[in-house]
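Worksheet: one structure, shown below.
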Amino acid sequence: MTLRITNTLTRQKQAFVPLVEGQVSMYVCGVTVYDHCHVGHARVYVVFDVIARALRHLGYAVRYVRNFTDVDDKIIARANKNGESCDDLTNRFIAAFYEDMDLLGCHRPDVEPRVTTHMVEIVAMVQAIVDRGHAYIVAGEFGGQDVYFAIDDFAPYGALSGRSQDDNQAGASDRVTRDERKRNQADFALWKSAKPGEPAWDSPWGAGRPGWHIECSAMSCKHLGPAFDLHGGGKDLIFPHHENELAQSKAAHDAEFARYWLHNGFVTIDSEKMSKSLGNFFTIRDVLARFHPAVLRYYLLTAHYTQPLNFSDKSLEEASRRVLYIAERLAQAQAVAAKWKGLPVAADGLESKAAADLTEALQDDFNTPKVLAVLAELVASIGQAIESKDDALKRSVLIGGLSHVQAIAQVLGLFEGDPAPLAHEIVESARERLFPADSAQLIWVQELVQQRIAARATKDFAKADELRGELLRGGVEVRDTREGSLWRPLLGEV
RNA sequence: GGCGGCAUAGCAAAGCGGUAAUGCAAGGGACUGCAACUCCCUGACCCCCGGUUCAAAUCCGGGUGCCGCCUCCA
């Protein structure tokens with residue numbers, strides 16, 4: 001079996017054949033850095049992080065490029081509003097972006113170009129498009145000149161999004177102000193002349209800045225060449241961003257541009273798209289204040305990347321319980337397996353089946369729910385083995401299973417490290433959040449737990465059970481173990 | 001108005017022509033003073049109607065419902 005990928009261009013899942021055997025070049029549209037990222041952004045970058053990891057697992061040498069858009073209307077507006085420079089603003093949010101991505105366990109792409117450092121390439125590409133007759137120049141509003149891409153001169157326009165210009169006109173005409181300078185209202189800016197006070201760069205058309213789409217065309221070309229394998233982003237970029245990128249790039253150099261277009265589905269809330277404009281979004285920081293980063297990452301991988309993913313406390317709570325369960329099982333398995341440390345174990349059927357299942361799941365359009373199912377079966381086998389009285393079986397399943405969990409972990413970017421601290425962090429972060437030190441809630445819990453310990457000591461089980469019931473209603477579960485009566489917060493409503 | 005996607009057990013989610021992965025929840029059992037944790041067992045014929053096929057959740061046609069894009073948006 002070979003790798004199959006859903007290609008937006010063909011609307012089909014098709015066999016992946018890279019331009020150069022064994023290598024994959026991949027470009028993913030990065031963020032416009034004027035604000036914190038929300039969960040929708042998190043999904044894109046986690047998904048493509050896993051895709052890059054998966055490709056590497058499958059043996060490809062991957063070159064992953066992801067840009068920062070640091071010149072844009074929204075950036076200028078926000079910087080003006082804040083009374084700071086665009087550079088200060090963008091640098092701040094790039095730093096914040098890295099903090100979020102690091103917490104979520106996303107590897108850095110191989111190249112992370114910024115628009116502001118690629119003006120030479122951008123101007124050159126605009127010039128090439130003009131020279132080849134696919135763009136025209138009009139007078140700008142404040143002097144200088146604007147350059148527009150002429151979609152009527154480019155026959156394949158609409159191929160990616162599957163719509164004709166006529167289709168678009170019907171809906172767009174009532175919402176978009178007419179610009180009489182444009183030949184076709186759907187023509188889009190390649191270069192915009194500077195308005196007073198805006199950041200601007202020199203060009204053959206006077207001082208100005210790039211239009212929205214050209215940066216990705218120029219930067220992908222510079223770092224991956226005029227033709228490359230994978231181009232990714234959220235579904236909302238299909239039109240107009242990617243459609244326009246495709247048109248510009250092909251108009252500039254005739255090369256194939258991206259061969260496979262991958263688009264991830266939206267994160268939704270109550271089935272509606274999470275977006276800035278609707279205001280129904282949570283930033284990554286909002287979520288990480290309540291849930292462990294591994295929980296958010298796990299949750300983001302529970303649905304196939306092309307499908308919508310509905311965001312809710314319930315889903316995150318379920319993911320919490322699951323991640324905790326897996327981490328605890330793995331930690332326990334490691335503790336049990338430690339005594340066999342260094343002893344070799346023959347690969348068993350379980351391990352090789354899991355390896356084959358992992359590969360198959362990844363080759364099936366990076367099917368992370370399937371990978372999670374493989375992991376679940378593996379962890380279940382490990383859980384059974386821990387209980388097993390058969391020492392030989394136990395040893396082979398635990399050691400073999402743990403080593404294969406690592407292979408899966410490296411692809412998912414989950415459970416890569418030591419599982420014991422992860423389990424501890426999940427419980428402790430919930431404890432700190434719900435029962436902070438010196439809080440009335442904490443004192444309440446400690447008081448009841450002490451009373452219960454006392455009740456049990458005198459074998460007053462009726463009283464002990466009553467206290468446990470009370471704690472449970474207060475969101476606390478108590479477990480009587482060899483180490484005594486331990487308590488921890490319930491991870492979400494059950 | 002145009003274009004596109006989705007509809008699978010209580011919930012979430014795989015499946016891409018050969019009689020439905022996985023997770024959560026729920027029920028039963030083992031364990032436990034009782035519980036919790038853990039382990040074992042239990043669940044759906046796939047929105048509706050037609051069609052193609054020896055065979056369809058999976059393909060085709062028609063409905064219904066939800067969502068997205070066509071304006072900045074991951």
Side-chain angles (χ1 to χ4, degrees), chain A residues 4 8 11-13 28-32 37-45 47-48 72-74 158 161-177 186 212 232-241 243 263-268 270-278 281 298-299 302-304 306-310 312 314-315 317-319 321-322 325-326 328-329 332 357 361 364-365 367-377 379-380 383-388 456 459-462 464-465 468-469 472 477-481 485-488 490 492-494:
Chain A
R4 292 166 58 77
T8 307
R11 287 169 211 303
Q12 283 179 329
K13 198 193 278 192
V28 174
C29 285
V31 279
T32 300
C37 288
H38 59 60
V39 180
H41 299 106
R43 186 179 193 191
V44 184
Y45 304 117
V47 159
F48 284 99
D72 165 86
D73 290 345
K74 292 189 292 293
S161 56
R163 58 187 104 203
S164 70
Q165 304 149 40
D166 297 340
D167 293 340
N168 283 334
Q169 296 283 326
S173 56
D174 60 335
R175 287 188 291 183
V176 178
T177 337
W212 174 30
K235 266 190 160 68
D236 45 2
L237 295 183
I238 295 172
F239 191 91
H241 185 55
E243 189 71 73
H263 291 100
N264 66 278
F266 300 130
V267 173
T268 60
D270 296 331
S271 297
E272 289 199 319
K273 180 185 173 186
M274 177 184 288
S275 72
K276 289 263 166 100
S277 46
L278 287 173
F281 64 92
Y298 181 96
Y299 155 74
T302 54
H304 185 78
T306 56
Q307 297 303 119
L309 178 63
N310 204 44
S312 68
K314 193 181 161 198
S315 327
E317 285 161 359
E318 182 179 328
R321 286 193 288 272
R322 192 60 194 155
Y325 166 82
I326 293 172
E328 288 189 324
R329 279 289 67 84
Q332 198 181 351
D357 287 349
D364 181 16
D365 201 17
N367 196 325
T368 56
K370 233 185 223 176
V371 175
L372 258 17
V374 176
L375 179 65
E377 286 169 350
V379 174
Q384 289 158 17
I386 291 172
E387 303 285 317
S388 171
R456 288 186 76 228
K459 299 246 190 289
D460 184 354
F461 294 122
D465 290 349
R468 181 176 42 223
L472 202 56
E477 63 180 16
V478 189
R479 310 165 53 182
D480 300 321
T481 70
S485 290
L486 307 177
W487 69 272
R488 68 186 189 190
L490 244 36
E493 288 306 312
V494 182

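A note on names: the letters A, B, ... follow the listed sequences, proteins ahead of strands, and every chain is numbered from 1.
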**Asked** Under the ring pair (Phe, Tyr, Trp, His ring centres under 6.0 Å) test, which residues partner A:Tyr45, sequence neighbours left out?
**Response** A:Phe97
**Message:** Roughly how many Å apart are B:rA20 and B:rC46, using the C1' atom of each and rounding to a whole number?
**Reply:** 8 Å
**Request:** Could you check whether A:Gly233 gets within reach of a base, just the sugar-phosphate, or nothing at all, counting any heavy atom under 4.0 Å?
**Result:** sugar-phosphate
**Asked** For B:rC69, does either OP1 or OP2 sit under 4.0 Å from a side-chain N or O belonging to A:Lys273?
**Response** yes
**Request:** Select base, sugar-phosphate, or nothing to describe what A:His241 touches, counting heavy atoms under 4.0 Å on all strands.
**Result:** nothing
**Request:** Sugar-phosphate means primed atoms, P, OP1 and OP2; the rest is base. With that split, encode nucleotides 33-39 of chain B 5' to 3' as B, S or - using protein heavy atoms under 4.0 Å.
**Result:** BBBBSSS
**Complete:** Taken to the nearest whole Å, CD1/A:Ile326 to C1'/B:rU22 is 11 Å
Listing time: all N or O pairs from protein to nucleotides 6-11 of chain B that are below 3.5 Å?
residue: B:rC11; atom: O2'; partner: A:Lys314; partner atom: NZ; Å: 3.0

**Asked** Which value, in whole Å, describes the distance between the P atoms of nucleotides B:rG17 and B:rA26?
**Response** 37 Å
**Message:** Looking at A:Thr306, is its backbone amide N or carbonyl O close enough to the side chain of A:Lys235 to form a donor-acceptor pair, meaning the two atoms are under 3.5 Å apart?
**Reply:** yes
**Asked** Does A:Thr481 have any side chain to side chain contact (heavy atoms under 4.5 Å, CB included) partners at least two apart in sequence or in another chain, and if so, which?
**Response** A:Arg479, A:Glu483, A:Leu486
**Item:** Rounded interatomic separation in angstrom, taking CG from A:Asn367 and P from B:rA21
**Value:** 15 Å
**Message:** Checking A:Lys74 now: which residues fulfil side chain to side chain contact (heavy atoms under 4.5 Å, CB included) with it, not counting sequence neighbours?
**Reply:** A:Tyr34, A:Asp72
**Request:** Starting at atom CD1 of A:Ile386, determine the distance to atom P of B:rA30, rounded to an integer number of angstrom.
**Result:** 23 Å
**Prompt:** Of all residues at least two apart in sequence or in a different chain, which pass the side chain to side chain donor-acceptor pair (under 3.5 Å) check with A:Ser271?
**Reply:** none
**Distance in angstrom units between A:Leu278 CG and B:rC67 C1', rounded** = 12 Å
**Asked** How would you list, by chain and number, every residue that makes a ring pair (Phe, Tyr, Trp, His ring centres under 6.0 Å) with A:His38, sequence neighbours excluded?
**Response** A:His41, A:Phe281
**Request:** Select base, sugar-phosphate, or nothing to describe what A:Ser271 touches, counting heavy atoms under 4.0 Å on all strands.
**Result:** sugar-phosphate
**Prompt:** Relative to the 5' end of RNA chain B, which residue comes earlier, A:Val39 or A:Arg11, by the nucleotide with the nearest heavy atom?
**Reply:** A:Arg11
**Request:** Please measure how far the C1' atom in B:rU58 lies from the corresponding atom in B:rU52, and state the result in whole Å.
**Result:** 14 Å
**Message:** Let's go through A:Lys370 and A:Asp357 carefully: what are the C-alpha distance in whole Å and the side-chain angles of both, what is the deciding distance for salt bridge (charged side-chain N to carboxylate O under 4.0 Å, His left out) to 0.1 Å, and is it a yes or a no?
**Reply:** CA-CA 9 Å; A:Lys370 233 185 223 176; A:Asp357 287 349; over 6 Å; no
**Prompt:** Is A:Asn310 touching bases, backbone alone, or none of the nucleic acid, heavy atoms closer than 4.0 Å?
**Reply:** nothing
**Item:** Between P of B:rG23 and CG of A:Leu372, the distance in whole Å
**Value:** 10 Å
**Complete:** Taking B:rA21, B:rC72, B:rA14 as options, the one with an atom nearest any side-chain atom of A:Lys74 is B:rC72
**Asked** Distance between the P atoms of B:rA13 and B:rG18, in whole angstroms?
**Response** 24 Å
**Inter-nucleotide P distance (B:rG15, B:rC72), Å rounded** = 33 Å
**Item:** Protein-nucleotide distance (A:Leu490, atom CG; B:rA25, atom P), rounded to Å
**Value:** 10 Å
**Item:** Any residue meeting side chain to side chain contact (heavy atoms under 4.5 Å, CB included) with A:Pro308, in chain and number order, not counting sequence neighbours
**Value:** A:Thr268
**Request:** Could you tell me which non-hydrogen atom of A:Ala464 sits nearest to which non-hydrogen atom of A:Arg456, and how far apart they are?
**Result:** CB-CG, 3.6 Å
**Request:** Mind checking side chain to side chain contact (heavy atoms under 4.5 Å, CB included) for A:Ala373 and listing every partner two or more places apart, or none if nothing turns up?
**Result:** none
**Message:** So A:Leu237, base contact, sugar-phosphate only, or nothing? Heavy-atom distance under 4.0 Å.
**Reply:** sugar-phosphate
**Message:** Checking A:Tyr299 now: which residues fulfil ring pair (Phe, Tyr, Trp, His ring centres under 6.0 Å) with it, not counting sequence neighbours?
**Reply:** A:Phe311
**Request:** Could you measure between the two P atoms, the one in B:rC34 and the one in B:rC47, and give it in whole Å?
**Result:** 46 Å
**Message:** Nearest whole Å is fine: how far is B:rG2 P from A:Glu243 CD?
**Reply:** 20 Å
**Item:** Of A:Lys276 and A:Lys370, the one whose closest RNA chain B nucleotide lies more 5'
**Value:** A:Lys370
**Prompt:** If the P atom of B:rA56 is compared with that of B:rG1, how far apart are they to the nearest Å?
**Reply:** 36 Å
**Message:** I'd like to know if A:Arg488 pairs up with A:Glu328 as an ion pair, taking the criterion as any Lys NZ or Arg NE/NH1/NH2 lying under 4.0 Å from an Asp or Glu carboxylate oxygen.
**Reply:** yes
**Asked** How far, in whole Å, is B:rC49 from B:rC54 if one measures between their C1' atoms?
**Response** 24 Å
**Separation of atom CG in A:Leu309 from atom P in B:rA74, rounded to whole Å** = 17 Å
**Prompt:** OP1 or OP2 of B:rU22 sitting under 4.0 Å from any side-chain N/O of A:Arg322?
**Reply:** no
**Item:** Ranges pairing with ranges for RNA chain B, where each run has three or more Watson-Crick or G-U pairs under 3.5 Å
**Value:** B:1-7 with B:64-70, B:10-12 with B:22-24, B:26-30 with B:38-42, B:47-51 with B:59-63
**Prompt:** When we call it a touch if two heavy atoms are under 4.0 Å apart, what does A:Val374 touch: a base, just sugar-phosphate, or nothing?
**Reply:** nothing
**Prompt:** Mind checking what makes ring pair (Phe, Tyr, Trp, His ring centres under 6.0 Å) contact with A:His241, not counting sequence neighbours?
**Reply:** A:Trp212, A:His213
